[in-house]
Amino acid sequence: MEPLLVSMDAGVLTLTLNRPDTLNAFTTAMHAGLAAAMTRAETEAAVRCVLITGAGRGFCAGQDLSERDMNAVDIDMGAGLDARYNPLVRRMHALRKPIVCAVNGVAAGAGANFALACDIVIAARSASFIQAFVKIGLVPDCGGSYFLPRLAGTQRAMALAMTGDRLSAADAERWGLIWKCVDDAQLKEESGKLARSLASGPTRSLGLIKKAIYDSAHNDLAAQLDLERDLQHEAGKGKDFREGVKAFLEKRKPSFTGQ
Ligand code: LHQ
């Protein structure tokens, strides 16, 4: 069974984590699939949005804990992050296209933070988020210690990371960790609708919006104003900008090509 299912439709590259028996825990093979999919998203103009979800009742239970030999003399947990998780998160963050995450069930450990590394997260009401690391004597990784305090604030991030308590999708929405929580039966339709709508949007502008919002995390106001100027300059050179204005003046829906 392929650990990652990849399909393309209407400009949306859908990636489905596919190890349902382990709640889609990450393996080296799944990471290889994700790396290849990221290359495709980065290089294929036809890909205008990425949608990530999980097969079965879970979204992702983090690293597959059976993949590593715990009797080994020298265990280097940082090496796996350097080799697989950190490049993945960096590429997701830097991708100039939107990534929608449809969290269909429990998201634990690196699985929870992989979801938070996506640009817009929608979760099923029965889904939950667990910073499971502390339960096995580890620390949040996969960008969790960066995303969590920025999304939820220091107190909530600290308590989630130190207790490893389960956070419901409804609370994740209330706390601002995710965009929205929807009824389980609506998740596929809602996330698909959003992804298709983004895929028919002004892709260049969406990529620049992503950069503006993420760079604001480490810019002061002066630097951010400069960045907005530079990004607007770049957006203004796009065909979609001309089409957007033309369509507005002609009182019709714009037809964006992503250029
Ligand atoms: C699993 C897993 C799993 C293997 C469920 N592995 N089989 C770490 C190391 C190295 C470098 C990089 O970074 C990381 C980051 C990390 O991600 S560390 C955190 C790893 N994840 C966890 O500690 C979570 C472990 N899982 C759980 O706590 C529970 O499974 C949760 C709370 C997610 C779900 O609980 P339940 O709904 O009760 O399901 P379950 O526990 O019965 O799991 C179903 C099956 O999936 C079960 O297999 P079985 O053969 O008994 O049916 C589990 O063994 C398997 N599974 N997570 N991470």
Side-chain angles (χ1 to χ4, degrees), residues 1-5 15-35 37-38 52-93 101-118 121 123-149 151-152 157-172 175 177-178 181 184 187:
M1 194 158 73
E2 286 297 320
L4 184 75
L5 304 179
L15 314 181
T16 306
L17 308 178
N18 189 39
R19 301 185 65 236
D21 291 351
T22 61
L23 307 177
N24 304 315
F26 286 120
T27 55
T28 307
M30 192 189 280
H31 270 288
L34 286 166
M38 285 307 298
I52 299 177
T53 193
R57 74 174 175 92
F59 171 69
C60 177
Q63 170 64 33
D64 188 312
L65 295 173
S66 68
E67 223 188 18
R68 187 169 289 271
D69 175 11
M70 293 310 292
N71 295 316
V73 181
D74 191 15
I75 299 180
D76 182 356
M77 301 304 282
L81 297 180
D82 259 345
R84 293 179 286 279
Y85 288 88
N86 293 355
L88 175 64
V89 173
R90 284 199 189 96
R91 292 175 82 180
M92 290 166 68
H93 213 55
C101 187
V103 181
N104 53 298
V106 65
N113 296 337
F114 173 61
L116 300 184
C118 296
V121 185
R125 204 164 295 284
S126 67
S128 56
F129 298 81
I130 309 176
Q131 294 296 315
F133 310 89
V134 69
K135 307 258 190 202
I136 54 169
L138 291 179
V139 298
D141 61 20
C142 208
S145 63
Y146 178 92
F147 297 118
L148 261 187
L151 293 167
M158 192 70 83
L160 287 175
M162 284 192 165
T163 63
D165 280 357
R166 189 187 287 262
L167 187 72
S168 69
D171 282 344
W175 288 13
L177 249 73
I178 64 170
C181 157
D184 289 22
L187 181 70

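Worth saying up front: this structure is predicted, and the values here are computed from it rather than measured. Just follow the structure's listing: the first ligand is 1, and inside any ligand the first atom is 1.
- Heavy atoms of R57 found under 4.0 angstrom from ligand 1 belong exclusively to the side chain.
- Contact check for N113 versus P140: side-chain heavy atoms found under the 4.5 Å cut-off.
- With hydrogens left out, the protein atom closest to atom 47 (C) of ligand 1 is D21 O, 4.4 Å, a heavy atom.
- Neither the backbone nor the side chain of F26 comes within contact range of ligand 1; no heavy atom lies under 4.0 Å.
- The closest protein non-hydrogen atom to atom 1 (C) of ligand 1 is T22 O, 3.9 Å.
- L23 has its side chain within reach of V106: a pair of non-hydrogen atoms, C-beta onward, lies under 4.5 Å apart.
- Counting the atoms of ligand 1 from 1 in the order shown, those under 4.0 Å from a heavy atom of G62 are 17 (O).
- Heavy-atom proximity to Y85, at under 4.0 Å, picks out these atoms of ligand 1: 12 (C).
- For atom 53 (C) of ligand 1, no protein heavy-atom neighbour is found at a distance under 4.0 Å.
- Residue D141 touches ligand 1 through its side chain alone, judged by heavy-atom distances below 4.0 Å.
- Here atom 43 (O) of ligand 1 lies nearest to L23 when heavy atoms of L65, L23, N24 are compared.
- Distances below 4.0 Å separate heavy atoms of A108 from the following atoms of ligand 1: 33 (C).
- Within 4.0 Å of atom 16 (C) of ligand 1, at least one protein heavy atom is present.
- In this structure the side chain of F114 reaches within 4.5 angstrom of the side chain of I52, judged on heavy atoms.
- Under the 4.0 angstrom criterion, atom 13 (O) of ligand 1 counts as having a protein heavy-atom contact.
- Proximity to L81 (heavy-atom distance under 4.0 Å) selects the following atoms of ligand 1: 12 (C), 13 (O).
- The closest protein non-hydrogen atom to atom 3 (C) of ligand 1 is Q63 O, 3.7 Å.
- Side-chain polar atoms of S126 and D184 form a donor-acceptor pair below 3.5 angstrom.
- Of the options P140, G137, A61, the smallest heavy-atom separation from atom 22 (C) of ligand 1 is shown by A61.
- Backbone and side-chain nitrogen or oxygen atoms of A110 are examined, and one is located within less than 3.5 angstrom of a nitrogen or oxygen of ligand 1.
- Only the side chain of I130 comes within contact range of ligand 1, with a heavy atom under 4.0 Å; no backbone atom does.
- Considering only heavy atoms from C-beta on, V121 stays 4.5 Å or farther from L177 through its side chain.
- Annotation: the span from C142 atom SG to F26 atom CZ amounts to 5.5 Å, rounded to 0.5 Å.
- Of all the listed residues (R166, K135, E67, M77), M77 holds the heavy atom that lies closest to atom 9 (C) of ligand 1.
- The shortest distance between side-chain heavy atoms of D64 and R19 falls below 4.5 Å.
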